[in-house]
Amino acid sequence: MYNLGKLSINYFEYGLVAVRDGTFVLDSLFVLVSLSFFSSIEPTITKILKICFLYSFMFILFWFIRDSVIFLSPTITSPLGGQTNLFFNFSTINVTCGFFAFYSYLFLDSNNKKFIYFLFFLIFSLILLPKRMIYIWYISAFLYLIFIDKKNINFTFKLLSVFIVFYIIDLIGFFSIFKVKGINFFDFFKSHLLSTIPTFEINNIDDFFVGTQSTVSWRIDKWTMTISNVMATFNTFLFGLPFGVSLTDFYNTQGMQTREPHNLYITIFARTGLIGFILFSILHFKIIRILYKAYIKSLILRNKATNKLMILFMMYVLFIFGGGGISSSILSATYHSTQFYLFVGIWISIYFKLLKDENLSNT
């Protein structure tokens, strides 16, 4: 209510730009959509996910033929003048592949299928749209999987062993035909990670790394600038800068202004102030706590399907508040925030259903 009230006030001054900046506020209402939907019928999430899993292969296929089909999609324009395609939009293809990598690991039947499909989606999530947030996501996710069940250590070591073998084979030039943006597979990811270091020398490796070089320094500079602007007055410290005001002065290579400082937590603080940040933190802490309680109850009730589903949702939470939240203003992108809040409504609904089942079993 706090953010909706502030967004309404800012809308009259800044128009649709304010709505664009406050999209995460509006998208949070999707909780009510999925909560209402799954409270009235028997959840069929696993069936829906299975359909989406099959669709993901088509999604990857269209990536490779996108130049041939892109003309079929109408172009939509944002309030700020940015343009994108309504269909065949691949902004989330790396996250989609990562999500279904974990789906494969959790839901497929045999261990061989789990491993093969996980490896398939993992590789495509890394090469189709390389982002450091994806690297952070995988690391944090495997640490969490090991934490909740030590059996996951075997899968982790098996995966690492495969990559070590691939790397050794790559050293002798066997995989030289497999390239990412024209660079050998392993050399690309090594350079991609090293390009975050300010002293890293590109040495004409590839134009791709021009945009990624020294991004740590860039991000710290924008984070510092944004926090300083918020702290400038007591009013902005408490209530934040208006929706409709850009948080950075940076323009990308297409001439479009980057409105957020590439960090979820700083964006929330800057947009809503200390009061809004505290409310956001409390709300999402409770949301994640419900997810964890649903996971525990599914263990107690020995509901394996629901237990796997809760772990899958946990993987997505790690992306939103881990890699995605640290390296970008992830909830400012509607295609991430709507999906996240739809998932929130689903696991809240499932939690109360599990609670009801537990009460019935105790009577």
With rounding to the nearest 0.5 Å, note down the distance linking CD1 in I48 to CD1 in I346. 7.0 Å
Does the pair E260/R271 count as a salt bridge with the N-to-O cut at 4.0 Å? yes
Same cluster or not: M225 versus F237, using hydrophobic residues (I, L, V, M, F, W, Y) connected whenever any side-chain heavy atoms lie under 4.5 Å apart? no
Going through the distances and angles, do F343 and L291 end up as a side chain to side chain contact (heavy atoms under 4.5 Å, CB included)? CA-CA 10 Å; F343 283 168; L291 173 59; over 6 Å; no
Taking W223 for the side chain and P261 for the main chain, is one N or O donor matched with an acceptor at less than 3.5 Å? yes
Would you say that Y2 contacts F239 through its side chain, given a criterion of any heavy-atom pair below 4.5 Å between the two side chains? yes
Give a yes or no on whether Y55 and W63 share a hydrophobic cluster (residues Ile, Leu, Val, Met, Phe, Trp, Tyr; joining criterion: side-chain heavy atoms under 4.5 Å apart). yes
side-chain hydrogen bond (donor to acceptor under 3.5 Å, both in side chains), that's the test. Do T233 and T236 meet it? Break it down for me. CA-CA 5 Å; T233 68; T236 55; 2.8 Å; yes
Pairwise side-chain contact, I350 with M310, heavy-atom cut-off 4.5 Å (strictly under): yes
How long is the straight-line distance from CG of N307 back to CD1 of I311, given to the nearest 0.5 Å? 4.5 Å
Measure the shortest side-chain to side-chain distance between V230 and L274 over non-hydrogen atoms and say whether it is less than 4.5 angstrom. no
Measure from the ring center of Y351 to the ring center of Y295 and say whether it is less than 6.0 Å. no
Tell me, do D21 and R259 make a side-chain contact under 4.5 Å, heavy atoms counted? yes
Is the distance between the ring centroids of F53 and F107 less than 6.0 Å? no
Check whether more than 12 heavy atoms from other residues, nucleotides or ligands sit under 6.0 Å from atom CZ of F352, and answer yes or no. no
Quick check on the hydrophobic clustering: are L283 and F24 connected, directly or via other members, by side-chain heavy-atom contacts under 4.5 Å? yes
Please find out if less than 6.0 Å separates the ring center of Y103 from that of F99. no
Is it the case that over 12 heavy atoms from other parts of the model lie below 6.0 angstrom from the OH atom of Y265? yes
For the hydrophobic clusters of this structure (ILVMFWY residues joined by side-chain heavy atoms under 4.5 Å, transitively), does one cluster hold both I275 and F243? yes
F64 CZ: over 12 foreign heavy atoms closer than 6.0 Å: yes
I148 side chain near L145 side chain, heavy-atom distance below 4.5 Å: yes
If you round to the nearest 0.5 Å, how far is CD1 of I268 from CG of N3? 7.5 Å
Let me know which of F121, F102, Y144 forms a ring pair (Phe, Tyr, Trp, His ring centres under 6.0 Å) with Y138. F102
Side-chain touch S328/M133, heavy atoms, less than 4.5 angstrom: yes
Decide if the gap between the ring center of F62 and the ring center of F57 is smaller than 6.0 angstrom. no
Where do L7 and A18 come nearest, in terms of heavy atoms and distance? CD1-O, 3.2 Å
Member of F157, Y135, F118 meeting the ring pair (Phe, Tyr, Trp, His ring centres under 6.0 Å) criterion with F142: F118
Checking S56 against T96 for the side-chain hydrogen bond (donor to acceptor under 3.5 Å, both in side chains) test, could you report, in this order, the C-alpha distance in whole Å, the side-chain angles of both residues, the deciding distance, and whether it holds? CA-CA 7 Å; S56 65; T96 300; over 6 Å; no
Between S298 and T306, do the side chains contain an N or O donor and an N or O acceptor separated by less than 3.5 Å? no
Give a yes/no verdict on a cation-pi contact between K158 and F115, requiring under 6.0 Å between NZ or CZ and the six-membered ring centre and an angle within 45° of the axis. yes
Just distance, no hydrogens or angles: give the donor-acceptor pairs under 3.5 Å from side chains in residues 313-327, sequence neighbours left out.
| unit_1 | atom_1 | unit_2 | atom_2 | d |
| --- | --- | --- | --- | --- |
| Y316 | OH | Q339 | NE2 | 3.4 |
| S327 | OG | G323 | O | 2.6 |

Answer yes or no: is there a side-chain heavy-atom contact under 4.5 Å between F100 and Y117? no
In one Ile/Leu/Val/Met/Phe/Trp/Tyr side-chain cluster, 4.5 Å: L159, I146: no
Can K114 be said to sit on top of F155's aromatic six-ring, NZ or CZ under 6.0 Å from centre and within 45° of the ring axis? no
Sequence neighbours excluded, which residues qualify as side-chain hydrogen bond (donor to acceptor under 3.5 Å, both in side chains) partners of Y341? H284
Kindly indicate whether the side chain of F30, heavy atoms from C-beta on, has any atom under 4.5 Å from the side chain of V344. no
With sequence neighbours excluded, tell me which residues meet ring pair (Phe, Tyr, Trp, His ring centres under 6.0 Å) with F269. none
